[in-house]
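Numbered from 1 within each chain, the chains take letters A, B, ... in sequence-line order.
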Amino acid sequence: MTERNIGDVILKVDNISLSFGVMKVLDDISFDVRQGEIRSIIGPNGAGKSSMLNVINGFYHPQQGSITFKGNTRKQMAPHVAASQGIARTFQNIALFKGMSTLDNIMTGRNLKMKTNLFWQALHIGPARTEEIENREAAERIIDFLDIQAIRKKPVGKLPYGLQKRVELGRALAAEPDLLLLDEPMAGMNSEEKEDMCRFIIDVNDEFGTTITLIEHDMGVVMDLSDRVLVLDYGKQLADDVPDKVRTNQTVIDAYLGVPHE
Amino acid sequence: MIYRETGQFKSSYESDQALFPIKQDRYVILGVLIVTFGVVPGLLNEYWLNAILLPFLIYALAALGLNILTGYCGQVSLGTGGFMAVGAFSVYKLMIAFPELGFIPLVLLSGVITAAVGALFGLPSLRIKGFYLAVATLAAQFFLIWLFNKVGWFFNYNASGMINSPPMTVFGVIITGPEGDMTGKYYLVATFVALFALVAKNLARGRIGRNWMAIRDMDIAAELIGVRPLIAKLSAFAVSSFYIGMAGALYFAVWLGSAEPTEAFDINQSFLVLFMIIIGGLGSVLGSFLGAGFMVLMPILLKNIMVDGFGTDAALAAHIEIITVGVLIIGFLIVEPHGLARLWRIAKEKMRLWPFPH
């Protein structure tokens, strides 16, 4: 692995608590993500990992705590505001726009880069046409990067699962995010597809300098990719450290393997 | 066969993103335009223009509007009749108050008024979806018709509650009302429809259209990549109502000449336009035309076959006609739930590969 280029803290999560009724989903979670880092969140099912991502991009509103992203502290925000600040994500269950082509999905990812108004769009001349072509070029760079040229005009609903995951990554990358949240990018993939996806994640981080926070269940992948790992269990923070330390942490092992009851 | 893109290479994104990237499609569209504007008015008599082509074109415009909202943005609406009434009554009041502005600007202006009303009734879509939204728009339908029936200001306190279109000219030809020139009416409506079909196509392939479709396909993901649901949904309601308002204005002022709200713009109109886009194809500009053509032409065709061909009693023929249209709709939806536009696309795919199956 090349020399890691880790910068200052880009995202800081302070004392986040989230509950739905009496269900406590997240309990006093604090961690940070540094610029250029690949940060993993792991934990058994129901640990609150996806909820944590939903809090970061504004989909859930925590009862307590605050989030600081690029120096702006906030308690709540609408998801599209988080998007305009530079947070993009993919979903555990693919959330593509199924009726649209691969190209249109990726172009939709660039909607915040496009500004022309209804009038120009309706006539499709002047600024609207220029803007469309400029963004098409950017979308094509992502299509090249992910090696999905052959399916650019295909409706994504008919693509195989692995490719859909790749298109979804493409849509998130199209926004040129500062922070990319990946929710189980390798779930349900065979080992070859997993290798491809790992390569893409490393390349995104390496070439674009994108900070990545990912949730994953494949421990081999997590330990190989991550700079630091946050471990959650039942909404509580068990550990937050470099992979080697987490691997040998007794509470983490207990959470994953269980402890004998006396 | 003839329909093949072999040898047509594109060397820029611009040509790849063109409205009709394949040469044969461009020729077809050019041919349709030549026939529409050059051949049809000279060839067909007044009956054809008035009874078939005018309603077809006006309904196509309304179907385009509803397709923007329902087909592209995924918001079901049963308020089409009510919004057409807003367009009709707006153009009526404007024609009385500002005749000096000219008819075409007044139609556009009544579209703008309808867009504002549509956006207002689109507000519930921010909270409710699907069938529930359909019911909320149903409220718009009933409220608007009630309003135009009850408040005398809208029909200038006419004792019959009717509105009558005063004669207005475009380029010196009387267009509106019963004295209007039929060919002139046809040219005006056809121009409106052609221009706004182009606008719809442009909107659909740009950022705004993609945002609408994103909201339709997966609203949560759309929001998380920066599409604002408020703006996307309300703009769809506004643009859709703009089209429907213009269709209502033309329907009243150019085609009917006089109208009474409960009769001309009742809930059946809403269903008719909804059936058009379902049969024609949701999320397709071509489908709006095919659906409007099917729903306007099929009853007339059936009636002509039965009454003139078989000598069926006219009243009986009317009932058989309703039954047959219903059966045809069900049949079509079973064979191709995505509408006539999808059938056309499949036919094109087959033509590209013919004589080979793959």
Side-chain angles (χ1 to χ4, degrees), chain A residues 53-54 57-59 78-91 94-100 103-105 107-118 120-125 128-137 139-140 152-153 156-157 168 171-172 174-175 177 181, chain B residues 5 10 12-19 21 68 71-74 115 126 195-232 234-236 238-239 242-243 281-284 338 342 345:
Chain A
L53 290 198
N54 284 337
N57 61 17
F59 193 60
H80 63 84
V81 179
S84 64
Q85 288 193 356
I87 301 179
R89 80 173 279 185
T90 65
F91 295 82
I94 299 169
L96 283 168
F97 309 127
K98 291 210 165 29
M100 297 159 72
L103 179 64
D104 278 344
N105 267 277
M107 288 290 276
T108 312
R110 293 194 65 77
N111 77 88
L112 287 170
K113 308 277 175 202
M114 304 175 82
K115 296 279 178 257
T116 52
N117 60 29
L118 190 76
W120 290 116
Q121 296 251 319
L123 300 177
H124 202 81
I125 51 169
R129 180 176 288 222
T130 321
E131 183 185 71
E132 191 78 9
I133 290 165
E134 279 168 12
N135 282 286
R136 173 76 190 268
E137 278 165 16
E140 288 290 342
R152 63 159 83 79
K153 295 271 169 88
V156 293
E168 202 189 14
R171 185 181 66 188
L181 308 174
Chain B
E5 61 206 67
K10 296 162 202 132
S12 69
Y13 293 135
E14 193 172 355
S15 63
D16 189 45
Q17 283 170 185
L19 209 48
I68 285 171
Y72 285 102
C73 196
L126 304 174
L195 285 179
F196 282 100
L198 176 69
V199 167
K201 204 95 182 134
N202 280 342
L203 285 177
R205 66 182 165 146
R207 168 182 61 92
I208 293 174
R210 282 194 297 268
N211 287 0
W212 287 340
M213 290 187 275
I215 289 284
R216 171 195 71 190
D217 285 350
M218 188 67 75
D219 52 353
I220 293 168
E223 203 180 349
L224 289 174
I225 58 164
V227 178
R228 304 185 62 174
L230 176 86
I231 290 176
L234 290 190
S235 68
V239 173
F242 177 71
Y243 275 71
L282 289 168
S284 157
H338 296 288
R342 175 67 67 89
R345 197 175 312 153

| Is it the side chain or the backbone of A/Ile87 that comes within 4.5 Å of chain B heavy atoms, both, or neither? | backbone
| message | Is A/Glu168 close to chain B through its backbone or its side chain, or both, or neither, when contacts mean heavy atoms under 4.5 Å? | response | neither
| note | By side chain to side chain contact (heavy atoms under 4.5 Å, CB included), B/Ala232 pairs with (sequence neighbours left out) B/Trp212, B/Ile215, B/Val227
| message | The criterion is side chain to side chain contact (heavy atoms under 4.5 Å, CB included); which residues satisfy it with B/Glu14, sequence neighbours excluded? | response | A/Arg129, A/Ile133, B/Ser12
| Within a strict 4.5 Å, meaning less than it, do heavy atoms of the A/Thr116 and A/Thr130 side chains meet? | no
| field | B/Arg205 versus chain A, the contacting section by heavy-atom distance below 4.5 Å | value | both
| With a 4.5 angstrom heavy-atom cut-off, which part of A/Ala128 approaches chain B: side chain, backbone, both or neither? | neither
| message | What part of A/Ile125 gets within 4.5 angstrom of chain B, counting heavy atoms only: side chain, backbone, both, or neither? | response | neither
| said: Can you confirm whether A/Asn135 sits close enough to A/Met107 that some side-chain heavy atom of one is under 4.5 Å from a side-chain heavy atom of the other? | reply: yes
| request: State whether A/Glu132 and B/Arg210 are salt-bridged, where the test is any N-O pair (Lys NZ or Arg NE/NH1/NH2 against Asp/Glu carboxylate O) under 4.0 Å. | output: yes
| Among the listed options A/Leu123, A/Leu112, A/Asn111, the residue most often paired with chain B at heavy-atom distances under 4.5 Å | A/Asn111
| task | Name the member of B/Gly206, B/Ala222, B/Ala214 that forms the most heavy-atom pairs with chain A at distances under 4.5 Å. | result | B/Ala214
| Which one, A/Ser84, A/Ala95, A/Ala174, leads in non-hydrogen pairs under 4.5 Å with chain B? | A/Ala95
| said: Is A/Thr108 in contact with chain B via its backbone, its side chain, both, or neither, using a 4.5 Å heavy-atom distance? | reply: both
| query | Counting only N and O atoms by type, is there a donor-acceptor contact under 3.5 Å from the side chain of B/Tyr72 to the main-chain atoms of B/Leu203? | reply | no
| said: Are the side chains of A/Glu131 and A/Lys113 in contact, using a 4.5 Å heavy-atom criterion? | reply: no
| Heavy-atom pair count under 4.5 Å with chain B, highest-scoring of A/Glu140, A/Arg171, A/Lys98 | A/Glu140
